[in-house]
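Written below as structure tokens is the structure these notes are about.
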Amino acid sequence: KKRPHVCLSDGAGTTCPKEWIDAMKGCLVEFFGDNVLINKPFAGGWITRSHAKERPFMQIELSREPFDTWEGKRERVFGALSKWCELKLWMDH
């Protein structure tokens, strides 16, 4: 089944502030293109629900589709995470 390159999950809006996941999607789009979705096809499972009880949480799932090498995917993820961290959104929460 065809999947997005990246699926972000926030337990259907229950595990972290909306602005966090929207900003993460924007950062990931810069590195992966428009093939980034939130809660489609997954809204997060046991891990997301369990860890969100401890602190705000979002899950990032990468497609196994060979659109890039594993190293290339890793560099894209690190780039997007670095950009998201620069936003310092958690400072307000």
Side-chain angles (χ1 to χ4, degrees):
K1 185 174 182 180
K2 190 86 168 158
R3 305 259 191 237
H5 288 166
V6 182
C7 175
L8 286 170
S9 305
D10 69 352
T14 63
T15 65
C16 70
K18 182 171 175 18
E19 67 179 313
W20 289 18
I21 200 153
D22 288 343
M24 180 60 79
K25 180 181 179 181
C27 294
L28 286 162
V29 164
E30 285 190 42
F31 289 85
F32 284 89
D34 290 332
N35 202 351
V36 178
L37 298 178
I38 297 175
N39 295 319
K40 292 179 186 169
F42 311 108
W46 181 87
I47 292 172
T48 303
R49 289 188 305 273
S50 296
H51 291 290
K53 295 173 186 172
E54 303 163 15
R55 64 187 56 89
F57 189 86
M58 72 177 89
Q59 183 173 322
I60 303 171
E61 298 186 43
L62 297 179
S63 171
R64 291 180 289 190
E65 190 175 307
F67 61 87
D68 200 350
T69 64
W70 287 111
E71 183 176 281
K73 289 178 183 181
R74 183 183 69 231
E75 292 302 316
R76 291 177 194 230
V77 170
F78 285 163
L81 289 173
S82 294
K83 187 164 185 81
W84 187 85
C85 287
E86 290 172 8
L87 299 174
K88 298 183 181 179
L89 297 172
W90 64 90
M91 303 282 275
D92 297 333
H93 293 273

key: Asn39 versus Cys7, closest heavy-atom pair with distance   = N-SG, 4.3 Å
query = Any idea which heavy atoms bring Cys27 and Leu87 closest together, and the distance?
reply = SG-CD1, 4.2 Å
ask   = Are there more than 12 heavy atoms of other residues, nucleotides or ligands under 6.0 Å from atom CZ of Phe67?
value = yes
Any link between [X] and [Y] through a network of hydrophobic side chains (Ile, Leu, Val, Met, Phe, Trp, Tyr) touching at under 4.5 Å?
X	Y	answer
Val36	Leu81	yes
Ile60	Leu89	yes
Trp20	Val29	yes

task = Just jot down the side-chain hydrogen bond (donor to acceptor under 3.5 Å, both in side chains) partners of Lys18, sequence neighbours excluded, or say none.
result = Asp22
inquiry  = Between Leu62 and Val6, does the side-chain contact (heavy atoms from CB on, under 4.5 Å) criterion hold? Intermediate values first, please.
reply    = CA-CA 5 Å; Leu62 297 179; Val6 182; 3.7 Å; yes
query = Quick one: hydrophobic cluster around Trp46, which other residues, with the 4.5 Å side-chain cut-off, linked directly or via members?
reply = Ile47, Phe57
Contacts of Phe31 that satisfy ring-ring contact (aromatic ring centres under 6.0 Å, His included) - sequence neighbours left out = none
ask   = Okay, side chain of Trp84, backbone of Leu28: is any donor-acceptor separation there less than 3.5 Å?
value = no
inquiry  = Which residues pass the salt bridge (Lys or Arg N to Asp or Glu O under 4.0 Å) test with Lys40, not counting sequence neighbours?
reply    = none
remark   = Rounded to the nearest 0.5 Å, the CG atom of Leu8 sits from the CD1 atom of Ile38 at a distance of 6.0 Å
message = Tell me which pairs pass side chain to side chain donor-acceptor pair (under 3.5 Å) where either residue lies in residues 72-83, with sequence neighbours left out.
response = Asp68-Arg76
ask   = side chain to side chain donor-acceptor pair (under 3.5 Å): which pairs involve residues 56-66, sequence neighbours left out?
value = Lys2-Glu65, Thr48-Gln59, Gln59-Glu61
Partner set under side chain to side chain contact (heavy atoms under 4.5 Å, CB included) for Lys53, not counting sequence neighbours = none
